[in-house]
**Q** 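One structure, pasted below without further comment.
Just so you know, residue 1 is the first one in the sequence shown, and it goes up from there.
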Amino acid sequence: KAQKIRTNPRVRLALGARDGPALDGKARFTSDKATCAMVACSLSEKYQGYWGDPARLARSMAQGRERVLIEVTPTA
């Protein structure tokens, strides 16, 4: 998916089922530390015991090594 986003950042997110409502947008990789920390905390709360330390997860996403964070901006 990462190579596809680099080539063509346009995405279509289906909500629920494939034939259900959808959101068209533009995807980009983000390494914003505040966004990464917010997502890491949310994942750690939702999946307790699976993601481990939120600070380590946020650093990993911000550095873009093991995990990447993709931000989708809706287009009109």
Side-chain angles (χ1 to χ4, degrees):
K1 298 286 183 182
Q3 185 63 36
K4 183 178 178 184
I5 289 172
R6 283 187 187 100
T7 305
N8 184 8
R10 293 184 314 153
V11 295
R12 182 173 186 87
L13 296 174
L15 307 173
R18 283 186 173 201
D19 58 349
L23 170 75
D24 291 324
K26 185 174 183 179
R28 71 177 185 92
F29 295 98
T30 184
S31 58
D32 178 45
K33 293 184 188 292
T35 305
C36 291
M38 180 185 68
V39 170
C41 286
S42 296
L43 286 173
S44 293
E45 287 175 14
K46 185 172 182 177
Y47 304 104
Q48 293 178 356
Y50 181 76
W51 284 102
D53 181 28
R56 187 178 58 103
L57 179 60
R59 279 193 308 273
S60 175
M61 284 190 271
Q63 292 172 351
R65 292 185 180 156
E66 296 173 9
R67 297 174 180 89
V68 294
L69 187 59
I70 300 171
E71 182 177 355
V72 177
T73 306
T75 56

**Q** Could you state whether Val39 and Tyr47 fall into the same hydrophobic cluster, counting links through intermediate Ile, Leu, Val, Met, Phe, Trp or Tyr residues with side-chain heavy atoms under 4.5 angstrom apart?
**A**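 Same cluster.
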**Q** Output every pair passing side-chain hydrogen bond (donor to acceptor under 3.5 Å, both in side chains) with a member in residues 7-18, not counting sequence neighbours, ordered by first then second residue.
**A**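 Listed once each, the pairs are Arg12-Asp24.
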**Q** Nearest heavy-atom pair of Glu45 and Gln48: which atoms, and what distance?
**A**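 Looks like O-CG, 3.3 Å.
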**Q** Checking Phe29 against Leu69 for the side chain to side chain contact (heavy atoms under 4.5 Å, CB included) test, could you report, in this order, the C-alpha distance in whole Å, the side-chain angles of both residues, the deciding distance, and whether it holds?
**A** CA-CA 6 Å; Phe29 295 98; Leu69 187 59; over 6 Å; no
**Q** I need the full list of side-chain hydrogen bond (donor to acceptor under 3.5 Å, both in side chains) pairs touching residues 29-41, with sequence neighbours left out, sorted by first then second residue.
**A**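 Listed by first then second residue: Asp32-Thr35.
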